[in-house]
Amino acid sequence: ANTLPSDLDACNGHYGTVPASAEYGTAETSVYHYHVSPHPPFTVGCFGPVTSLDQCKGLYSECSDSSETSNIPNLDGNTYSYQKWCTCYHHTNTCNTAQFPGVC
């Protein structure tokens, strides 16, 4: 399926089934893995798993300075405020409603 999981954590990862690969000699199994997404953090946000946004932010001193923000225009025509150097985001059905109110 070409849909993102609804349970991505602040690192953009989750526990889920990955397919078997005869080429790599791996069986189908459930493991923690990351997804590329159209929403922040887009790729690997941190090395998870983490159970909360606060746990992710606790891994990086850069996440503690809320004054370091930058306004970034997005393809949807809106401009969003990002906390510079902090790669942690709270996902709600793969769209961060806290970061992007009214968009998700």
Side-chain angles (χ1 to χ4, degrees):
N2 288 327
T3 58
L4 286 171
S6 62
D7 60 346
L8 295 177
D9 66 14
C11 297
N12 222 34
H14 75 134
Y15 283 99
T17 302
V18 293
S21 171
E23 181 180 352
Y24 297 110
T26 58
E28 182 176 294
T29 187
S30 182
V31 297
Y32 182 84
H33 61 277
Y34 303 94
H35 285 263
V36 174
S37 69
H39 308 287
F42 305 108
T43 60
V44 177
C46 58
F47 293 106
V50 295
T51 57
S52 70
L53 181 61
D54 287 337
Q55 183 184 15
C56 179
K57 287 184 173 187
L59 299 172
Y60 304 97
S61 61
E62 296 86 354
C63 295
S64 63
D65 188 0
S66 61
S67 66
E68 288 283 325
T69 59
S70 181
N71 293 322
I72 308 293
N74 201 353
L75 294 175
D76 65 6
N78 294 310
T79 300
Y80 301 103
S81 179
Y82 288 86
Q83 189 172 2
K84 290 182 181 180
W85 318 118
C86 183
T87 60
C88 303
Y89 290 89
H90 176 72
H91 291 276
T92 301
N93 295 326
T94 72
C95 186
N96 181 356
T97 56
Q99 189 75 14
F100 305 113
V103 174
C104 304

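Hydrogens, waters and symmetry mates are skipped; everything else that's a heavy atom, side chains included, is used. Treat the numbers as computed from the prediction; the structure is a model and nothing was measured. We count residues from 1, following the sequence as given.
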Could you give all pairs that pass the side-chain hydrogen bond (donor to acceptor under 3.5 Å, both in side chains) test and reach residues 41-53, with sequence neighbours left out?
->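 Found Thr51-Gln55.
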Atom pairs and distances, side-chain donor-acceptor, residues 25-35, under 3.5 Å, sequence neighbours left out:
| unit_1 | atom_1 | unit_2 | atom_2 | d |
| --- | --- | --- | --- | --- |
| Thr26 | OG1 | Ser21 | N | 3.4 |
| Tyr32 | OH | Asp9 | OD1 | 3.2 |
| Tyr32 | OH | Asp9 | OD2 | 2.8 |
| His33 | ND1 | Val31 | O | 3.0 |
| His33 | NE2 | His14 | NE2 | 3.3 |
| His33 | NE2 | His35 | NE2 | 3.2 |
| Tyr34 | OH | Gly48 | N | 3.0 |
| His35 | NE2 | His14 | NE2 | 3.1 |

Report the C-alpha separation of Val50 and Leu59 in whole Å, then their side-chain angles, then the decisive distance to 0.1 Å, and conclude whether the side chain to side chain contact (heavy atoms under 4.5 Å, CB included) test is met.
-> CA-CA 10 Å; Val50 295; Leu59 299 172; 4.1 Å; yes
According to a 4.5 Å side-chain heavy-atom criterion applied to Ile, Leu, Val, Met, Phe, Trp and Tyr, with indirect links allowed, do Val44 and Tyr15 form part of one hydrophobic cluster?
->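 In one cluster: yes.
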Look at atom CZ of Phe47 and say whether more than 12 heavy atoms of other residues, nucleotides or ligands are closer to it than 6.0 Å.
->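 Counting neighbours around CZ of Phe47, 12 or fewer heavy atoms of other residues, nucleotides or ligands fall under 6.0 Å, so no.
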